[in-house]
Structure formats: C-alpha cells, structure tokens
Amino acid sequence: MATTTATVSITSSDLINGMPLSLNATSTLMQTGLTTGLELMEMGNHEIATGTEFSLAEALGTANDANWIYICNKATDDTYYMDWGINETMMGRLQAGDWMWIPWNMSDAAAEIEVEAQGGTIQFEYAIFKSNWTLPTASS
C-alpha cells in the first residue's frame with residue numbers, strides 16, 4: 001500500500017507588521033494503529049447551484065478509524081461561498097478559493113458531510129481518505 005503524505009505551507013510577509021510568517025507541516029497519514037498508507041475512498045469535481053445541498057459522503061460505519069477529507073471551493077467570484085456541515089449542523093464556510101483538510105470520524109449516520117452553495121453556482125472538488133475500504137460483495 002502506498003504511503004500518503006500531506007503537506008501544508010503557509011507564508012505571509014505582512015500578516016503582522018514587521019513579523020513575517022512561515023509555517024510548514026508535513027505528515028505521513030497513518031491508518032488506525034500506526035500502519036502507513038491510507039486509501040483514497042472517493043474523489044470528485046461537482047457543480048452545485050445556490051441553495052443546493054450536496055452530500056459528499058455518507059457515514060460508512062467506520063468508528064474510530066483514521067479518516068481525512070479535503071474540500072476546495074473552486075469559485076473565483078468572491079461573493080460565492082459554500083457552507084459546510086455535519087448532519088445538518090453548519091460547521092464553517094469556504095469562501096471562493098478556500099479549502100479545508102480535516103480529520104473525520106464517520107462512525108454513524110449522523111456523521112455525513114454536506115456542502116451548500118451560496119451566491120451562485122459553484123464548482124468544488126473533494127477527496128476522502130480512510131484506513132480501510134471494504135467493498136460489499138455481490139449476493140449470489
């Protein structure tokens with residue numbers, strides 16, 4: 001299984017006057033229990049109209065596993081934003097061009113992540129990584 005590494009770099013020369021900021025963090029993503037190599041479960045590019053909700057992924061019953069989710073608002077109009085939440089509870093807002101990378105425990109039906117477009121039709125991308133991905137077998 002391939003090693004999955006996440007890297008984030010944040011720099012600013014003028015965030016605080018006279019104090020430049022430079023943050024760099026790299027982490028090898030681990031499965032539950034320190035085994036390297038998360039699997040990509042799902043990814044996509046979608047477009048949603050204002051007021052439309054989209055469920056990125058429904059809970060899959062993987063309590064206490066290592067899961068990560070990436071979402072990026074690809075809008076270029078600064079009046080277009082996306083509200084995001086977990087099971088009808090708004091957790092935050094992604095302005096045009098914003099992205100997020102969060103750990104996610106998708107342990108029950110109340111853990112699904114939803115996004116809703118505001119201001120206009122928005123294109124966004126997402127990717128979900130998790131420890132284990134077991135596909136259901138076809139019944140014979």
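For reference, positions follow the sequence shown, starting with 1.
- Considering CD1 of I122 and CD of E116, their distance stands at 10.0 Å, rounded to 0.5 Å.
- Ring geometry for Y70 against W99 counts as tilted: the plane angle lies between 30° and 60°, on a 0 to 90° scale.
- With values rounded to the nearest 0.5 angstrom, M19 atom CE is found 11.5 Å from S12 atom OG.
- L56 has its side chain within reach of F124: a pair of non-hydrogen atoms, C-beta onward, lies under 4.5 Å apart.
- In plain terms, the two heavy atoms of A75 and Y80 that are nearest each other are CB-CB, 3.8 Å.
- Taking CZ of F54 as the start and CD of E114 as the end, the distance is 10.5 Å to the nearest 0.5 Å.
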Between side-chain atoms of residues 46-53 and protein atoms elsewhere (two or more places apart, or another chain), which donor-acceptor pairs fall under 3.5 Å?
from: E47; atom 1: OE1; to: Q123; atom 2: NE2; distance (Å): 3.2
from: T50; atom 1: OG1; to: G120; atom 2: N; distance (Å): 2.7
from: T50; atom 1: OG1; to: G120; atom 2: O; distance (Å): 3.2
from: T52; atom 1: OG1; to: A49; atom 2: O; distance (Å): 3.0

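- Contact record, S55 with E112: OG-OE1, 2.9 Å, taken as the closest heavy-atom pair.
- Separating the CD1 atom in I113 from the CD1 atom in I69 is a distance of 3.5 Å, to the nearest 0.5 Å.
- Atom CD1 of I102 is separated from atom CD1 of I71 by 6.5 Å, given to the nearest 0.5 angstrom.
- The hydrophobic clustering, which links ILVMFWY residues whose side-chain heavy atoms are closer than 4.5 Å, places M91 and V115 together.
- In terms of modelled atom types and a separation under 3.5 Å, the side chain of N73 and the main chain of D98 share no donor-acceptor contact.
- Closest approach of R93 and D83 over heavy atoms only: NE-OD1, 2.8 Å.
- In this structure, I128 is a member of the same hydrophobic cluster as L94, with clusters built from ILVMFWY side-chain heavy atoms closer than 4.5 Å.
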